[in-house]
Protein chains: 2
Amino acid sequence: MASDHTRTAILAAAERLYADRGFGDVTLRDIVAEANVNLAAVNYHFGSKDELIAELFVTRSIATNRERLRELKAAEEQGGGRAPIEMILHALVGPTLRGCLGPENQRSSAARFMIRASIESVPPIRRIKNREIDHLRKFAGAMRRSLPDRSDVDIYWGLNFALAMAHHTIRESERLTKLSEGKCDLDDVEDVVARVVSVATIALTAGRMETKAPSRVAAR
Amino acid sequence: MASDHTRTAILAAAERLYADRGFGDVTLRDIVAEANVNLAAVNYHFGSKDELIAELFVTRSIATNRERLRELKAAEEQGGGRAPIEMILHALVGPTLRGCLGPENQRSSAARFMIRASIESVPPIRRIKNREIDHLRKFAGAMRRSLPDRSDVDIYWGLNFALAMAHHTIRESERLTKLSEGKCDLDDVEDVVARVVSVATIALTAGRMETKAPSRVAAR
DNA sequence: GATAGTTTCATACAACTGTTTGAATTGCAA
DNA sequence: TTGCAATTCAAACAGTTGTATGAAACTATC
């Protein structure tokens, strides 16, 4: 048991600094100063700066994905293999939104870090995100089982739009607050989740299926 | 008339390089090499690297915003001050999507640059984007006129979701193609626009207004 | 064709980056 | 206590970055 004190201190300091100031202008020297450890400690314990960032991201990312799958599995079991589409979407976007939004003053540095990670896009994180496709396929599968009459294309577009609304709301939460002059309450996370799920559900169930006519919703 | 040759060459080279390799690993030396000009030319003509990036972005950004407002104005005039919501949304997301998507081989470097700008987020660009709020307010206003019965909150959320779907689709176009194994055709830009507009329209018009019941769109 | 203003150029600068090194220190087992 | 490995440390390294400088080469005007 090497006490791990240094490792832990570096992780905590890095998470906090990246969350507050972004990846762009936080150097290893900033991190080790904040953590009160020697500069060489980062390379000794993590190998490189990128591996440090990667470890921060995967740790948090794994937690979110586990929670997503837990909710999905519960929903499918409850429905006997076929979960209602709203519950699937809820499992998809709920954990992410809950992990990043909420009252600012009580937002964990882990949450703020994940917001950063979704705004700035640095190589080590991008690499990890690219491996997320397999994870998303599980949701695509569940959605297909839930809506067997929908075409694959519609399923994927629905999945894409659901993620779009969730991630964009996180990324641009500040702007939305400013634009709406505070009228859109991003601290009420469950309301945000409900809105995203609601719209994504309509997108996946309304129109187009019954009427064969494709993508002609309100043309002139 | 200083012939402007050097200036133009720098802009073109920078746009191409940033588009292809991202802001992260393109240096001034790469740019001047590609443009066949002297290193000092960038600072001479643009002042700094950041101002060069800013100029690239605003040029393109102004063009998009002008097109957006042109479409919006046309729609409102045609409707006597009240444009149908689909046309407003079309004006909002159409120019952006058309400017960034489309067949890859014939995608302009300007388009690829704007994709980069929406993926990576570098300080000079972020600063410009923050000034975009006034522009968005014009759309919020038009939407309010179009849907006078909707609450402001719903309007802003609708606007947010419309932008979300458009931008996320641009940002993650590669992943969506891979995830859907090519089934989602991102080269058919008008279809993408139609899908985004369609979903955003439903989000803004369905449920909640007529039926007082909030966010209960397709419960079981 | 001399002159004044603009533009180009090679080069140097100063700062900062992540990483490495090898010696010093620590902690633990024998 | 001795010995050995794990850890810490100060220092330097090697490279890159954007920017500044001052002379040289142009260009257009008179």
Side-chain angles (χ1 to χ4, degrees), chain A residues 1-58 113 116-117 120-128, chain B residues 1-58 113 116-117 120-128:
Chain A
M1 173 135 333
S3 107
D4 260 357
H5 173 273
T6 303
R7 240 189 94 91
T8 314
I10 292 174
L11 284 171
E15 187 174 67
R16 218 173 322 133
L17 288 177
Y18 284 140
D20 289 341
R21 294 166 27 198
F23 299 101
D25 48 82
V26 172
T27 70
L28 284 189
R29 284 170 176 81
D30 293 331
I31 295 172
V32 299
E34 178 86 358
N36 281 312
V37 300
N38 187 271
L39 174 59
V42 172
N43 288 278
Y44 179 79
H45 284 282
F46 298 92
S48 71
K49 185 196 189 186
D50 278 10
E51 290 174 86
L52 166 61
I53 294 178
E55 175 154 341
L56 279 171
F57 185 73
V58 298
F113 174 85
R116 276 287 172 201
E120 301 182 31
S121 185
V122 352
I125 290 183
R126 204 154 13 188
R127 255 173 267 140
I128 295 163
Chain B
M1 172 140 330
S3 104
D4 258 0
H5 173 272
T6 303
R7 239 188 97 89
T8 313
I10 292 174
L11 284 171
E15 187 173 68
R16 216 170 327 132
L17 288 177
Y18 284 140
D20 289 341
R21 294 164 30 197
F23 299 101
D25 47 84
V26 172
T27 71
L28 285 189
R29 284 169 176 81
D30 294 331
I31 295 172
V32 299
E34 178 86 358
N36 281 310
V37 301
N38 187 271
L39 174 58
V42 172
N43 288 278
Y44 178 78
H45 285 280
F46 298 92
S48 72
K49 184 196 188 185
D50 278 9
E51 291 174 84
L52 166 61
I53 294 179
E55 174 154 341
L56 278 171
F57 186 72
V58 298
F113 174 85
R116 276 286 172 203
E120 300 181 34
S121 185
V122 0
I125 290 183
R126 203 153 15 188
R127 256 173 265 138
I128 296 164

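Please read all numbers here as calculations on a predicted model, not as lab measurements. Chain naming here is simple, since letters A, B, ... match the order of the sequence lines and numbering starts at 1 in each.
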Q) Could you give the distance from CD1 (A:Ile53) to CD1 (A:Ile125), rounded to the nearest 0.5 Å? A) 6.5 Å

Q | Distance in angstrom units between A:Leu28 CG and C:dG18 P, rounded | A | 4 Å

(Q) Just the rounded figure in Å: distance from P of C:dT17 to CG of B:Asp25. (A) 18 Å

Q) What is the distance from CG of B:Asp4 to P of C:dT6, rounded to the nearest Å? A) 14 Å

Q: Verify the contact: side-chain N or O of B:Thr27 to OP1 or OP2 of D:dT16, cut-off strictly under 4.0 Å; return yes or no.
A: no

Q) If you measure from NE2 on A:His5 to CG on A:Asn36, what distance do you get to the nearest 0.5 Å? A) 8.5 Å

Q) Which residues, if any, of residues 30-55 of chain A bring a heavy atom under 4.0 Å of DNA chain D? A) A:Asn38, A:Ala40, A:Tyr44, A:His45

Q. When rounded to the nearest 0.5 angstrom, what distance separates OG1 in B:Thr6 from OH in B:Tyr44?
A. 10.0 Å

Q: Return the minimal non-hydrogen interatomic distance between B:Leu28 and B:Lys49, and the atom names on each side.
A: CD2-CG, 3.7 Å

Q. How close or far is atom P of C:dT7 from atom NE2 of B:His5, stated in whole angstroms?
A. 14 Å

Q: Using the six-membered ring wherever Trp is involved, compare the ring planes of A:Phe23 and A:Tyr18 and label them parallel, tilted or perpendicular (cut-offs 30° and 60°).
A: tilted

**Q.** Point-to-point distance, once rounded to the nearest 0.5 Å, from CG of A:Leu11 to CZ of A:Phe113
**A.** 10.0 Å

